[in-house]
Structure formats: C-alpha cells, structure tokens
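Report on the structure given below.
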Amino acid sequence: MSNTESSVSEQHKIRLEKLQQLREMEANPYPHSFDVSHNSQYILDHPELIKEDEQELEEVERVSVAGRIMTRRIMGKSTFFNLQDSKGEIQVYIRRDDVGKENYNKVFKKLTDIGDIVGIKGYVFKTGTGETTVYAEEFKLLSKTLRPIPIPKEVETEDGETKTYDAFTDKEQRYRQRYLDLVVNPEVRDVFQQRTSMVQAMRNFMNDKGYMEVETPILQPIYGGASAEPFVTHHNALDMKLYLRIANELYLKRLIVGGYDGVYEFSKDFRNEGLSRFHNPEFTQVELYVAYKDYNWMMDFVEKMVEHVAKALHGSTTVQVGDQEIDFKRPWPRIPMFEAIEEETGKDLYGKDLSELKEAAEELNIELEDSFGKGKIIDEIFGEYVEPNLIQPTFITDYPIEMSPLAKKHREKEGLVERFECICNGKEIANAFSELNDPVDQRERFEEQARLRADGDEEAMTLDEDFLQALEYGMPPTAGLGIGIDRLAMIMTDSESIRDVLFFPQMKPEK
RNA sequence: GAGUCGGUAGCUCAGCUGGCAGAGCAACGCCCUUUUAAGGCGUGGGUCGUGGGUUCGAUCCCCACCCGACUCACCA
C-alpha cells in the first residue's frame with residue numbers, strides 16, 4: 001500500500017495531521033531515547049512498590065515505564081489507560097493537574113492515539129477497585145503511530161472467563177504483518193518465546209557435553225546430505241552455479257575428519273518444494289556429529305535432550321498436543337522398521353526383492369511410480385501404514401540401505417543400515433545414523449545414487465568428490481543426528497501449522 | 001497440482017428474491033478528576049479482492065483471474 005493521498009484511510013490522514021501539529025508545537029513525536037526503570041511484570045510482582053495511604057509522596061519509589069497505549073478511558077481532566085510493554089500490561093492513571101495543562105489537554109488527549117508508544121514517570125498505587133496502577137507525574141510521547149492498530153477488547157465475564165471482542169484473527173494478515181500479530185496477540189509472543197527457549201535448552205545441553213557450535217557454508221557448489229530439490233543461484237565473480245544448502249551433513253563430517261570430537265550447527269536449510277502446514281521452503285535443523293559413537297548411543301542422547309527440552313519448557317515430561325498428551329519421559333520404544341511394518345500390515349518385507357515389494361505395495365493400495373526403487377517402496381508403505389499411528393515418541397531403527405546412502409551398514413542385519421528416525425505425533429522429528437566412514441563403500445553408494453538419478457529419481461544424491469577425499473583421509477566412527485527444529489517447536493508449543501512457529505513464513509506477494 | 005470455503009469501513013462481522021452500503025468497537029466534535037468493553041450526546045468514514053459479462057440497475061447472478069485458509073498428493 002502506498003502513502004499517496006488517495007490510498008490512505010481517513011484515520012491515517014487524521015494522524016498525519018496530528019503529527020504535523022506536534023511538530024508545530026515543538027513536541028518531538030520521535031524523541032531519541034527514554035530511561036526505562038521498570039517493566040509491567042516487575043511492578044505487578046512487587047507489591048512493596050505500591051504507595052501506602054499514610055506514606056508521604058517524597059518517600060515513595062519512582063518508576064518509569066514505556067510501551068504502547070492499548071485501551072483508554074478518558075474522563076475529562078483525568079484518564080486511565082493500559083500500557084503494554086514487552087512483559088505484559090499495566091494500567092496508568094494520568095491527570096491534567098499533574099502532567100501540565102498543555103501536555104495533558106493537547107499532547108495526550110488530542111494528539112495521542114491508541115497504539116502510540118509513550119513513556120511515563122511516576123509512582124505505583126492501587127485504585128479504588130484494587131488494580132495496581134502507575135500514577136503519572138510525567139508523560140512523554142515516544143513514537144507517534146500513523147496507522148490504527150487492530151487492538152482487541154477484553155472483558156471478564158461473571159464466571160471469571162476472559163472474553164475477547166474484535167480479535168485480530170485473519171491468518172493471512174497475521175502472517176503478512178507478524179509485527180501486528182505480536183503486538184496484539186500475547187499467545188503468539190509466548191509461542192516464539194518458547195521456540196527460543198527450546199533452542200537455548202538444546203544449545204546448553206550440547207555445550208554442557210563439550211560439543212562445539214560451528215558454522216558451515218550455506219552456498220554450496222554441490223548440494224548433499226539429503227534427498228531434495230535445491231534452490232539454485234549464481235556467483236557472478238566466479239561465474240559458477242551455487243546451491244542453497246538442503247543440509248549441512250557433509251560439511252560437519254569434514255570437521256569430524258578434522259579432529260573435533262563433537263560439532264553441531266543450527267542451520268537454515270532450503271528446499272525447493274511445496275508448501276504445506278508442515279513445510280516451508282526455508283526451515284531449521286540442528287545437526288550434531290559425535291566421534292567414536294554409534295546410533296545406539298545417539299538414541300540415548302536424543303531421549304535425554306528432548307526430555308530435557310520438555311522439562312525446560314513445561315516443567316514436566318508431558319506436553320499437550322491437540323487432544324493428545326505426549327510423554328517424553330525416557331526410555332522411548334525402539335522398534336526395527338520391518339517389525340513395525342509387519343505389525344501394522346501383517347507383511348514381513350525384510351529381504352524381499354523388487355518385484356515382491358511391488359506386489360506387496362499393490363496389495364496395500366500404495367500407488368507406485370516406475371522410478372521407485374526398493375527403499376522408496378518400503379518408505380511409502382511405512383509412511384502410509386506406520387508413521388501416522390506413532391503418537392508417543394518412538395525410535396524406528398534399521399532402515400533399508402537403499403534409502404540411506406550416508407549411513408553405515410548394519411553390523412548384523414544384511415541389507416540394512418544403522419539408522420533411526422524418531423517419530424512423534426505422526427511425524428518425523430529426528431533422523432540419525434552410525435555414519436558411513438568407509439570411503440570405498442561411500443563411493444559405491446554415491447555411484448548407486450547416480451544410477452538412480454539416471455533412472456529418473458531427481459532427488460538422488462550427487463557424488464561429492466571432495467567429501468569422499470575427506471573420508472579417504474580417515475573419519476573416526478561417528479554418530480550423526482538431525483532434528484527438525486520447526487517440527488519439534490510445533491509439538492512443544494501445540495501449534496497446528498509450521499507458519500505458527502516461524503516469524504515470517506513464506507507467503508505469495510499480495511499482488 | 002486437485003477439491004472445499006473465504007476476501008464488504010482501521011478491526012470483528014451482517015447484508016433477504018438484483019433496487020440509495022449496515023452494526024459494534026476504533027476515529028472525529030462536545031461533556032465528564034478512581035475508570036476498566038468506562039459513560040452520555042452528536043458526526044464522518046467504503047475501488048464491496050481484480051477484470052469482464054448479463055441487466056434499466058450488480059456487493060448479490062455468470063465467466064476469468066489474484067490472494068488466503070483447510071483437506072488431499074510429493075518433500076522434513
């Protein structure tokens with residue numbers, strides 16, 4: 001929307017005029033700073049700040065608060081309004097005779113609007129109805145808003161419930177103008193606070209173990225580490241094609257070759273695929289690689305870390321997600337993939353060849369494409385019959401080798417690799433292997449991927465010669481892990497859509 | 001990509017069978033010094049998502065398109 005005369009709303013025009021008037025009376029509508037001494041939450045939590053009736057004014061501690069005017073009740077020469085800061089809301093009482101006639105009548109009453117950001121200095125008292133309130137001795141406009149903010153009204157009903165009127169609910173508007181969503185919907189601020197707490201809990205957990213947080217390239221000449229369609233870009237000076245990473249696995253493993261015992265990275269990854277309530281083109285994963293460990297050790301680690309996260313966020317191992325209660329208390333069940341499939345479908349697919357798998361898939365009404373190999377067919381059956389039923393956190397272990405070109409062969413079971421996924425609420429939240437460190441085997445796996453690509457599988461991995469070279473210099477036995485941060489955040493915050501845990505989800509432009 | 005539903009004032013929403021565009025809050029003017037959806041009296045505010053069509057006349061009916069939500073299919 002442009003600010004041309006014809007397109008601004010009536011209310012916008014009125015505020016532009018108010019801004020002009022403020023400038024003419026030399027009341028700066030955008031001053032440079034304001035000393036804030038207290039926040040709303042602190043004041044409400046500290047009743048000793050409240051002025052007692054018998055107390056002299058000089059003895060009372062002064063507070064200065066700042067924030068946005070949310071509601072206003074003007075009663076002539078005095079006014080109550082609610083001020084919202086980063087921690088919550090507090091009521092302010094302001095009187096003409098305390099803050100000055102011009103300041104009150106003109107600047108505050110005439111030229112200040114709901115939504116404007118103001119600073120207040122004064123003391124804390126309790127009103128006749130018992131509400132802790134800041135009594136304003138000084139009032140200062142800190143930022144004049146030009147657009148009306150869609151502030152909802154709240155009222156407490158007789159049975160003590162809070163009823164909200166005119167809530168800002170339009171999802172499209174909320175996603176496009178997240179800043180307004182955050183101003184107006186406190187539960188949205190909570191969700192993002194929890195997301196940040198979750199990441200911090202994980203970071204602390206890994207730091208406590210002595211693992212090192214690192215940064216690896218986002219722009220990669222060869223994309224790898226996952227099966228996905230990449231975004232492509234171009235470097236002008238080098239005149240070369242570059243890809244936005246779809247994963248950072250191969251770089252972190254190079255660092256394990258380099259001698260670190262444990263490295264991890266919270267990484268934005270990019271996949272050029274469809275959008276849905278579980279998929280955003282850019283999303284966050286944490287990947288962790290630990291030397292001298294295997295996937296059994298990693299299962300223990302994941303259980304401990306996620307249990308720790310649940311406790312850090314909710315003070316308990318249980319989390320309410322929709323109408324399900326999910327309990328992250330360890331240990332979690334560990335079920336080999338083929339056993340899980342047999343349990344749900346009655347079919348034992350272990351050791352079956354391609355034509356037998358195709359037959360089984362048809363009996364199970366799975367639609368197949370010609371390019372599907374053994375791994376893909378098994379994955380389809382698993383995704384259809386098993387995954388959606390796994391609500392409580394569960395490790396599915398020992399995947400077919402065809403699905404996992406970077407995982408080490410199983411030490412006992414032919415045709416399988418030492419890989420697990422953690423499924424929770426019907427979705428994968430973690431994926432891990434005993435990492436393949438045999439450079440000869442790894443080269444063969446890449447070559448197999450090349451054959452799959454030639455047969456039409458566009459997501460098959462590309463051979464990364466430099467990575468192979470790194471393995472040829474020797475990588476210790478290593479356990480590797482990836483956890484989908486957005487997915488885990490959805491579970492931990494009981495959010496139905498990935499858009500609700502991303503500040504700025506991908507949207508089409510409005511026009 | 002397919003299906004369903006939606007887009008009307010700053011916000012939340014009505015709008016009948018096609019006949020001058022409505023409400024509450026917000027805004028504007030006046031009154032009001034312990035209110036809390038404060039209150040009282042009064043006033044203004046609209047590209048009805050966009051573009052066509054039918055019609056004397058379209059927010060309403062028809063066609064196309066844009067944007068979104070949800071469901072389904074592929075990827076985490």
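Below, chain A is the first sequence line, B the second, and so on; all start at residue 1. Owing to the predicted nature of the structure, the values given are computational and were not obtained by experimental measurement.
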Review point. In whole angstrom, what separates A:His12's NE2 from B:C28's P?
Key: 14 Å
Exercise for review: Measure the distance from CD1 on A:Ile69 to P on B:U35 and round it to the nearest whole Å.
Suggested key: 20 Å
**Study point:** Donor-acceptor contact below 3.5 Å, side chain A:Asn280 vs main chain A:Gln506
**Key:** yes
Exercise for review: Quick one: label A:Asn431 by what it contacts on the DNA or RNA (base, sugar-phosphate, nothing), any heavy atom closer than 4.0 Å.
Suggested key: nothing
Review point. In whole Å, what separates the P atom of B:C16 from that of B:C62?
Key: 14 Å
Exercise for review: With heavy atoms under 4.0 Å as the rule, sort A:Gly128 into base, sugar-phosphate or nothing.
Suggested key: base
Exercise for review: Give me the residues of residues 389-404 of chain A where at least one heavy atom lies under 4.0 Å from an atom of RNA chain B, by number, or none.
Suggested key: none
Point to revise | Base partner of B:U33, which must satisfy Watson-Crick or wobble distances under 3.5 Å | key: none
Study note, to complete from the structure: Closest to the side chain of A:Ile114, out of B:C74, B:A26, B:A38, is B:A26
Check your understanding: Whole Å only: how far is the CD1 atom of A:Ile14 from the C1' atom of B:A9?
Key -> 13 Å
Every protein N/O within reach of nucleotides 68-72 of chain B N/O, cut-off under 3.5 Å:
residue	atom	partner	partner atom	Å
B:G68	OP1	A:Lys508	N	2.9
B:G68	O4'	A:Glu172	OE1	3.1
B:A69	OP1	A:Arg499	NE	3.4
B:A69	OP1	A:Arg499	NH1	3.3
B:U71	OP1	A:Arg277	NE	3.4
B:U71	OP2	A:Arg277	NE	3.1

Check your understanding: Between the side chains of A:Thr71 and A:Arg73, does any donor sit under 3.5 Å from an acceptor?
Key -> yes
Practice item. Please check if the side chain of A:Asp116 supplies one atom and the backbone of A:Ile69 the other of a donor-acceptor pair under 3.5 Å. Key: no
Review point. Cation-pi between A:Lys253 and A:Tyr289: NZ/CZ under 6.0 Å from ring centre and within 45° of the ring axis?
Key: no
Exercise for review: Classify the nucleic acid contact of A:Glu131 as base, sugar-phosphate or nothing, counting any heavy atom under 4.0 Å across all strands shown.
Suggested key: base
Check your understanding: Rounding to the closest angstrom, what is the interatomic distance between B:C60 and B:G7 at atom P?
Key -> 12 Å
Review point. Counting any heavy atom closer than 4.0 Å, what does A:Glu17 reach on the DNA or RNA strands: base, sugar-phosphate only, or nothing?
Key: nothing
Practice item. Please give the nucleotide sitting opposite B:A27 as a Watson-Crick or G-U wobble pair, both distances under 3.5 Å, or none. Key: B:U43
Exercise for review: Examine distances only and state if a side-chain atom of A:Ser495 and a backbone atom of A:Ile491 form a donor-acceptor pair shorter than 3.5 Å.
Suggested key: no
Study note, to complete from the structure: Closest to the side chain of A:Thr127, out of B:U34, B:C28, B:A26, is B:U34
Check your understanding: When all nucleic acid strands are considered with a 4.0 Å heavy-atom cut-off, which category describes A:Thr79: base, sugar-phosphate, or nothing?
Key -> nothing
Exercise for review: Taking side chain to side chain donor-acceptor pair (under 3.5 Å) as the test, write out the residues that go with A:Arg95, two or more places apart.
Suggested key: A:Asp98, A:Tyr135
Exercise for review: State whether the side chain of A:Thr493 and the backbone N or O of A:Ala489 hold a donor-acceptor pair below 3.5 Å, judged by distance alone.
Suggested key: yes
Review point. If you look at every strand shown and take non-hydrogen atoms under 4.0 Å, does A:Lys18 touch a base, only sugar-phosphate, or nothing?
Key: sugar-phosphate
Practice item. Pick the C1' atom in B:G44 and in B:G10, then give their distance to the nearest Å. Key: 14 Å
Exercise for review: Compare the minimum distances between each of B:U12, B:U34, B:A27 and the side chain of A:Gln11, then state the nucleotide with the smallest one.
Suggested key: B:A27
**Study point:** side-chain hydrogen bond (donor to acceptor under 3.5 Å, both in side chains) contacts in which one or both residues fall within residues 382-391 of chain A, not counting sequence neighbours
**Key:** A:Glu344-A:Asn389
Check your understanding: In terms of side-chain heavy atoms, does A:Gln41 have a donor or acceptor partner in A:Asp45 at a distance below 3.5 Å?
Key -> yes
Review point. Which nucleotide in the list B:U34, B:G44, B:U35 gets nearest to the side chain of A:Phe125?
Key: B:U34
Check your understanding: Considering residues at least two apart in sequence or located in another chain, which fulfil the ring pair (Phe, Tyr, Trp, His ring centres under 6.0 Å) criterion with A:Tyr251?
Key -> none
Review point. Between A:Tyr123 and A:Phe125, how do the two ring planes meet: parallel, tilted or perpendicular, split at 30° and 60°?
Key: perpendicular
**Study point:** Atom-to-atom span, OH of A:Tyr135 to P of B:U35 - whole angstrom
**Key:** 14 Å
Point to revise | Between B:A64 and B:A2 - P atom distance, rounded Å | key: 13 Å
Practice item. Take the protein atom CD of A:Gln91 and the nucleotide atom P of B:U34, then report the distance between them rounded to whole Å. Key: 12 Å
Exercise for review: Please measure how far the C1' atom in B:C31 lies from the corresponding atom in B:G22, and state the result in whole Å.
Suggested key: 28 Å
Review point. Under 4.0 angstrom, heavy atoms only, what part of the nucleic acid is A:Ala167 near: base, sugar-phosphate, or nothing?
Key: sugar-phosphate
Exercise for review: Decide if atom CD of A:Glu215 counts as having more than 12 heavy atoms of other residues, nucleotides or ligands within a radius under 6.0 Å.
Suggested key: no
**Study point:** Between B:U8 and B:C48 - P atom distance, rounded Å
**Key:** 11 Å
Review point. Paired with B:G1 by Watson-Crick or G-U wobble geometry, both distances under 3.5 Å: which nucleotide is it?
Key: B:C72
Point to revise | Any donor-acceptor pair under 3.5 Å from A:Thr112 side chain to A:Val107 backbone | key: yes
Review point. Expressed as a whole number of Å, how far does the C1' atom of B:U55 sit from that of B:G42?
Key: 41 Å
Check your understanding: Can A:Arg419 be said to sit on top of A:Phe433's aromatic six-ring, NZ or CZ under 6.0 Å from centre and within 45° of the ring axis?
Key -> no
Practice item. Classify the nucleic acid contact of A:Asp98 as base, sugar-phosphate or nothing, counting any heavy atom under 4.0 Å across all strands shown. Key: nothing
Please write out each protein N/O paired with an N/O of nucleotides 30-33 of chain B under 3.5 Å, distance rounded to 0.1 Å.
residue	atom	partner	partner atom	Å
B:C30	OP2	A:Lys110	NZ	2.6
B:C32	N3	A:Gly76	N	3.1
B:U33	OP2	A:Lys77	N	3.1
B:U33	O4'	A:Ser78	OG	3.1
B:U33	O2	A:Arg95	NH1	2.7
B:U33	O4	A:Asp97	OD2	2.0

Review point. Between B:U47 and B:A21, how far is it from one C1' atom to the other, in whole Å?
Key: 14 Å
Review point. In the strands shown, is B:A58 matched to any nucleotide by a Watson-Crick or G-U wobble pair with both distances under 3.5 Å, and which?
Key: none
Practice item. Scan A:Gln285 against the nucleic acid and name what it touches under 4.0 Å (heavy atoms): base, sugar-phosphate only, or nothing. Key: nothing
